[in-house]
Amino acid sequence: MEKTRTRFVSRLAARPVPPAVRHAPPGVTIAIPNWNHEYVLPRSVGSALRAVRSLREAGVDAEVLVVDDRSRDGSTTLLRQAEALYAADGLRVLALRRNVGLPTVRNVALCEASYAGVVFMDADNELVPENLVQFHRSMTATGAAVVYGNLLCRKAGDRTEVLSNESVQDRVLEANYIDAFALFDRHQVLDVGGFLDAAEVEAREDWEAYLHLAASGAKIVFVPLVFGVYHELPGSMIDESRQDHAAQQKYLQRVYDQLSVRPRMPLNARHLRYHPETGYL
Amino acid sequence: MQTEPVEPQPRTQAASAGGTLYDAFYYAHYCGERAYERDPRWLAFFGSVAEQIAARIAPASVLDAGCAMGMVVESLRDRGVEAYGVDISEYAIANVREDIRPYCQVGSILQPFPRRYDLIICIEVLEHLAARDAERAVANIVAHTDDVLFSSSPKDFKETTHFNVQPPEWWAELFARHNFYRDVGFDASFVTPWAVRFRRLKGPVARVVADYERRLWWLDQDNRAQRELGLEQRNRLAEKEAAYATLEARAKDLEAALARAAEQVTGREDAASLLAATELERDELQAALGVERAAREAAEYSAQLDAMRRTVEAHVPTASTVVVVSGGDDAAVTFPGRDGWHFPRTPEGWHAGAHPADGDEAAAHLESLRVAGAGWIVFPGTALWWLDAYPQFRQHLERNYRLADRSAGGVLYDLRRRVVVYRAPAPAPATPAVPSSGGGAGAAGRRVSVRMLPERFGTHPHSSTYVRLLLPLRHPSVERHFDVTRGEVYDKADVVFVERTWTANPDAAQRLVDRARADGARILFSIDDNLLDLNKDWLTTAHLAVVKLLAAEADAVVVSTEPLAERMAPFNDRIVVIPNALDERLLDDAVVPERKPEPGAPAAPGAIPRRLTLGYMGTSTHDEDLEMIAPALRNVLARFGDGVEFQVVGAVARPSTLAALEGLPVSVLRAGDGIEYPQFMRWMFRNLHWDAAIAPLRDDVFNRCKSDIKLLDYGALGIPAVFSRVPSYEHSVRHGVTGLLAENTVESWAQNLERLLGDDVLRRAIAANVRRYVLSERTLRRCAGQWRGAINGVMQKPPRRARGLPAPAGAVAPPAPERAPALPSTESPTRGANAVGPGLRALVVVPDDVNYFYAQTGRRLGEALRAVGVAADVRTLKAVPRHQSFDLCVMVNLYELAYGYGDEAAGYERLEQLAADSGRSIAVAMDCAQTQWFAQACDLCEKVGVGTLLDLGLHDQSAIAPPRARRLYQFAFNGLNTAERDAVRRWAGRNEGRPLPWVFVGHVSAERAQLVRRLVSEVDPAGFVYMPHLAPYREKGPHLNESQLQSLLERARFHVWCSHHPHFYMESERFRNAALAGCLPLKVVRNAPDEPAPLPFAHLVVREEEMVARLRSADFRREWARFADAFLALPSLEQVIADLVQHVSPAQAGFSARAPALAGVG
């Protein structure tokens, strides 16, 4: 499996972007990587399909692409049935023959998506369907590589927290506070080679990707709207990712600010706030 | 060696073939791999067979049946055995050795032999016969012998003449039928492997069986042993093979390790060489950088020294001594025309070589240098670190000396005189230092009674009495605060203002002091000349004693200049510097002539278009000054000839002065003897139409303390003048802008006079500048507040105790004044807000770059103060000028002021000083009274000596304020100002159709996240949400700043928020921001407020459970109208401030700036 991943990523990095990807038409693909999340799929897929409807009503092409990472909990059956029922509503299912891991699934989604905008949405997330149009407008207007908004994190005991609630700050090198649940311009993400599947950034591939994009001069724009809801479950990745933070941070520091010169070379992505009704704030 | 029947046998093909079958071809090709012929190899073979037979059987006679070429017969015969041979092949018999031929004959072995033999040999013969013939041949053989050596191939089926190839047992059985059995003990393998010796059995058959069994057993044993050996060897082989495989693998590993090691060695060598190369490169680079840095540093150092020299040349007079904080470089202390000293310095003049241990040591060293004659100290750019590294040294400089320049050239201090700064003693804790006799000016409407005891000078007050006492205290801006009486003797009052040499009798002065002390009155001693160092001709010893006594005993000494303050400092620890100012009322009828150039007149410098008038004003005390510049004056007047007339106002008394002016075009103007100051001023304005004037002043110990009053007089008249470059003028006259400064030399005066008289454009520019300066900065309208501040300051301190007298009751620790209870005022808010505070000087201090809304609030308060006629200045704490006092000082958020100052402790010290120097100081807070921030504000008020904590908000929190806050607490309604009210009105009917349904901004908290979740899921998901982490609300973020928030709210319908703490509070700025943007505020609370008082906008405060329904069903237009109307009906900020100012007093008594009753407004 390890070899498969490496091969895939290296292939992605080495090969030119496939023609179909380069010429992807404008629109939004909501990509949902799934691995053994049958229980929560109806909620995420449902909100994604509502978002597709909302986008289509606003004249934006859209689809939902569920990439199943070789689930063994019955997800595939459910997804195939759902695909049959909702194909016209924009649901596509891609079931991988082997389990390849989240970052590679995201890379697969980047290559397989039909449209230029890709939302990465975990199976336990829920979109606020009505707002995605505004995020798409923001991306079109700013040319950003990523636009993201507030994520409401529902926790045990009906508590709520807010994640991804700030523009990119200088401390982005110290902590990963921008979730991957966001709208990406896949051309720009593919330009930097997609998500890295390496042990050094395990469970923090999104952080690595944000830093990679920012270091490459791409814009990462915060839109002050609620993007979606993160339903925290026992064993969520967000918990896992709290481990090994120090080592990973050290690694990323070494890759993206080895000489500690960022204060003198601030990132382009720093402190960008945009709302279609107000412009940059 | 084939045998055939001796007689041909027709029955078999072989037999019929007879002897012809075995011809030469047969023997050449059918006898194995090589031809059968008499060659040494066959002969050797048959020789060895014969040898074995002879040795092991030892027969006497032998028949070789099928002897072929007779080589066995031959060999046997050669060994002495009687041997014969028979063979069917004629060819073979023909080839028998010659000598043997007689014993060999052609014949068949089926035919009976001629005799018996001991042994018959039959080797490889019978397989050539048919089986039946073979049996007959065997029968024939055994009939002629008892011993047979027999061999017949059991396997060679390929030979075409082999008709009867049989296995050994076949032959054994055949012989056994004739009672012949194998001799198992005889090994016949020397013939062929299958050869057998058959012998006729002479004993029982059992013996044969036994022999066979023995042989079988032996073979079996042999076989088993062989197998075991084979197995053993096979196992050993397997072991060896396994060991071999292990060794091979190990060898491979070792080889790989070797390869890796070799690679590493190579890699390490590469890395080492790379590293070495890199280090070399780095060293080179560092060296190059070092050179470059050294060059740059040298250039920078040199540039800094140049800049420092320019600074020194610009500020330091020639022949002065400048101390340079240097590193020992003599180039740094070299100045043209000035002495430069190192700092630190040895007595011999060398650089001391070591830095002082601390700031105090540095200060002490500086003082010693000052005594030795140093007049200036400069910190070049290279030495600025001193000011940070030695904070005490910096404080010593800041507190004692004037900062002459701070620029690229470094920091330059003027050491020639000390600046005495009033340092208020620390306020007594808990008990406000306020006299029981009634507080300060304006306390609850009470005026301070002031008894003035002016210097007696003829029949009317001296002009300095007017300038220093009468006019300031009777100025309209302060007059109402005082009940001023004037007399020659003491009369009971709150303050006794004694001037200069009020009496020449020290005892009278002492009595005055004692009586004032006994009455609890404060004594202010006013002095505007350095009488201590005045020529003894002018002042008696008794006068001097009075001056010293009053200076020492007064509660404060008021002086006109900083040098004078320094001179008086040894006598009193409270010296207040109040510069002279002109009373603008005296200028009302002053007509300042327009000084236009005459038409057609050339404007070139040097050309005199008309007769100019040069003036001089001064009493006879200034004769020496006039005399000093007389030669220059004479030169210039001579140069201009009739073009310039010289007028003198005043008196010239000294004969030498008169002599110096002899022969010049001088006219003297007189205003009249005994004329009082106001009349003189009016006369002056009417009569002086000078084009230029002079103000010479000798630099001596008396003059150094004089004020720049001439600048005020000339400036008010719009007359450009030349002044001596002495301390009195050099700080207020800007050379070339508000006047010209001349060194006290004939050359310099002549040069500057010529320049001024010769340049019409310059004269007009200076005239306009100096007049603007005096009228804007140096009039009582602007400065009278300082006098009030001085009186208030002294009133706030406990009176000094009379010597030898018991302290009057309450004088030391007066009881706290009663405060007005914090009840809602019923005073009308509609009272005219204008012009309630003219003449007042206020300062609003705002934090520097912390939370912007405090700075914003400060600006709004400043505007409101100006709107009601107060001269209000809004500044950050750093930008507040030192040594200025204000009637009112408003400090917006004490903590943030100190925080924004950079150094909190220094910030609090600065605030404390400001509070002490101000008539009234107020701290502004905008927090819930139940929070720690409010409690902190209370603590800080006490720390810095601020008597009032103004809660600027929407609702009175006095009921919930902590007990210790009650003494400080004052509520003020944060109303809209005029411009803001207009803005709110403009939104009517224009604020609908907004794209954002709601806006939620503020730093993130769990409650807020929960609320947003409900707003998104239950109201409208499209709301604007910005909740960054807690950080100051700076202009640059991360929060939205004022203008960003405003532009956002202008696109939103509702501005929704909740507090980040559990207590109820109406955030007034949120309501105001919403109102200004035409947006509806909606404050969400966890629980219903337990506020007893009616709240404004109570309908816009909702509980979380009601929020959703409220937002869904809101009638925006109607609700907006209700909100806007309610806000506009509440008092404006100007009205609130007017109330505040109306009651400004230095006392600690409360005042009311409250919102009107709010019932029904919400």
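Chain A is the first sequence line, chain B the second, and so forth, proteins listed ahead of strands; every chain is numbered from 1.
The number of heavy atoms from other shown groups lying within 6.0 Å of CZ (B:Phe1071) is above 12. Shown here is A:Tyr86, whose OH atom has no more than 12 heavy atoms of other residues, nucleotides or ligands within 6.0 Å. Around OH of A:Tyr39, the count of heavy atoms belonging to other residues, nucleotides or ligands within 6.0 Å does not exceed 12.
When side chains are defined from C-beta on, B:Tyr1026 counts as touching A:Arg273, because their heavy atoms get closer than 4.5 Å. Taking 4.5 Å as the limit, every side-chain heavy atom of B:Gln1010 sits out of range of all side-chain heavy atoms of A:Glu161. The closest side-chain heavy-atom distance from B:Leu996 to A:His275 is below 4.5 Å. A heavy-atom distance below 4.5 Å is not found between the side chains of A:Val226 and B:Phe1000.
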- List the steps, then state whether side-chain contact (heavy atoms from CB on, under 4.5 Å) holds for A:Val223 with B:Phe1024. CA-CA 9 Å; A:Val223 179; B:Phe1024 184 105; over 6 Å; no
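Contacts between B:His1039 and chain A at a heavy-atom distance below 4.5 Å involve the backbone alone (N, CA, C, O). A:Gln134 does not touch chain B: none of its heavy atoms, backbone or side chain, sits under 4.5 Å away. When heavy atoms are compared at a cutoff of 4.5 Å, B:Arg1051 approaches chain A solely by way of its side chain, counted from C-beta outward. Contact of A:Asn165 with chain B is made through backbone and side chain together, with heavy-atom distances under 4.5 Å. For a residue to count as touching a neighbouring chain, one of its non-hydrogen atoms must lie under 4.5 Å from one of that chain's; by this rule A:Arg270 does not touch chain B.
For the pair A:His271 and B:Pro1038, the tightest heavy-atom approach, listed with the atom from each and the gap, is CE1-CA, 3.6 Å. For the residue pair B:Ala1009 and A:Val162, the shortest heavy atom distance occurs at CB-CG2, 3.3 Å. Shortest non-hydrogen contact noted between B:Gly1023 and A:Leu225 is O-CD2, 3.2 Å. Annotation for A:Leu152 and B:Arg1013: closest pair CD1-CA, 3.6 Å, computed over non-hydrogen atoms. Closest of all the heavy-atom pairs between B:Val1025 and A:Asn150 is O-ND2, 2.9 Å.
Evaluation of the ring pair (Phe, Tyr, Trp, His ring centres under 6.0 Å) test over residues 141-169 of chain A, restricted to residues two or more places apart or in two chains, returns A:Tyr148-A:Phe222.
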